[in-house]
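Below is one structure, written out as C-alpha cells; comments come after it.
All values derive from a computational prediction rather than experimental measurement.
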Amino acid sequence: MTVRIRLAIILASVPVFLLVGTAGAVGSTADRSGRELVGSPASTYVVSRIGAVSYLAVLESTGAGSFGPLKSVVESAVLRLKQSGGGTISFTAGDFDLGSEHFEFEQIADIDFKGQ
C-alpha cells in the first residue's frame, strides 16, 4: 500500500509526519475515490543515499536523475513530477537526514511519497 504524506513538520530536527489517507495498493491504477485511471502509469523517482551527505534521485523509466543534498534532489524530482501531472517519490531503505533543512513544496497534488 502507498501512503500519502500530506504534511511534514520538523520539530527539534526530528521529522514528524502527518499521514492522511492511503492510495490504492502498490501497482494500482485507481485514484483515491477508487476510479480507475487511464493512460500510462505515473513516473517514479527512486531516491537513494550515496555516501555520508549526498543523495541520488533517478527516474525509473529513463535512468536520468540528479545528485546532491537531499533537499535539492527531492524538491527537483517533485517539481518534475508536478510538471508532468504526478507520480511517486520512492525512498530506498536507509536514513534520509535533512539536518536543519526542510522540504518546501507549493501546490503539489497526485505525488505519492513512499519508502521501500
Side-chain angles (χ1 to χ4, degrees):
M1 178 177 352
T2 301
V3 177
R4 289 183 180 265
I5 300 174
R6 292 294 238 196
L7 177 63
I9 304 170
I10 307 300
L11 299 174
S13 298
V14 177
V16 178
F17 295 99
L18 173 62
L19 305 176
V20 291
T22 58
V26 174
S28 171
T29 57
D31 67 8
R32 280 193 238 171
S33 67
R35 294 176 300 194
E36 287 296 312
L37 303 175
V38 295
S40 61
S43 299
T44 297
Y45 277 90
V46 177
V47 180
S48 305
R49 186 173 185 158
I50 308 295
V53 295
S54 296
Y55 297 84
L56 179 65
V58 176
L59 183 58
E60 278 188 328
S61 62
T62 66
S66 58
F67 177 81
L70 181 59
K71 176 180 174 61
S72 174
V73 299
V74 171
E75 287 179 355
S76 178
V78 167
L79 178 60
R80 288 188 197 109
L81 291 175
K82 178 181 174 182
Q83 292 168 342
S84 67
T88 301
I89 303 291
S90 178
F91 295 90
T92 59
D95 294 328
F96 293 85
D97 187 0
L98 280 167
S100 62
E101 297 186 308
H102 60 275
F103 294 129
E104 295 182 29
F105 305 123
E106 292 185 24
Q107 298 179 346
I108 62 170
D110 300 320
I111 298 176
D112 294 325
F113 294 82
K114 69 178 188 174
Q116 295 183 353

Check side-chain hydrogen bond (donor to acceptor under 3.5 Å, both in side chains) between Arg80 and all other residues, then give those that pass, not counting sequence neighbours.
Ser76

Using only atom types and a distance under 3.5 Å, with no angle test, would you say the side chain of Asp97 pairs donor to acceptor with the backbone of Gly99?
yes

Got a sec, which residues hit side-chain hydrogen bond (donor to acceptor under 3.5 Å, both in side chains) with Ser90, two or more places apart in sequence or on another chain?
Gln116

Looking at CZ of Phe103 and CD of Glu75, how far apart are the two atoms once the value is rounded to the nearest 0.5 Å?
7.0 Å

All ring pair (Phe, Tyr, Trp, His ring centres under 6.0 Å) counterparts of Tyr45, not counting sequence neighbours
none

Excluding sequence neighbours, so at least two apart, what forms side-chain hydrogen bond (donor to acceptor under 3.5 Å, both in side chains) with Glu60?
none

Is Leu98 linked to Ile111 within one hydrophobic cluster, defined over Ile, Leu, Val, Met, Phe, Trp and Tyr using a side-chain heavy-atom separation of less than 4.5 Å?
yes

Do Leu81 and Leu79 belong together in a cluster built from hydrophobic side chains that touch within less than 4.5 Å?
no

Considering only heavy atoms from C-beta outward, does the side chain of Leu59 approach that of Ser43 to under 4.5 Å?
yes

Do Val73 and Ile50 sit in one hydrophobic cluster, given that two such residues count as connected whenever their side-chain heavy atoms are within less than 4.5 Å of each other, even indirectly?
no

Among residues at least two apart in sequence or on other chains, which ones pass salt bridge (Lys or Arg N to Asp or Glu O under 4.0 Å) with Glu104?
Lys71

Is the backbone of Gly51 close enough, under 3.5 Å, to the side chain of Ser54 for a donor and an acceptor to pair up by distance?
no

Can the ring centroids of Phe91 and Tyr55 be said to lie less than 6.0 angstrom from one another?
no

For the residue pair Thr92 and Val46, establish whether any side-chain heavy-atom pair is separated by less than 4.5 Å.
yes

Looking only at atom types and distance, does a side-chain atom of Lys82 sit under 3.5 Å from a main-chain N or O of Glu106, one as donor and one as acceptor?
yes

Pairing residues for Phe67 by the ring pair (Phe, Tyr, Trp, His ring centres under 6.0 Å) criterion, not counting sequence neighbours:
none

Roughly how far apart are Lys114 NZ and Ile89 CD1, rounded to 0.5 Å?
11.5 Å

Any side-chain heavy-atom pair from Leu70 and Val47 closer than 4.5 angstrom?
yes

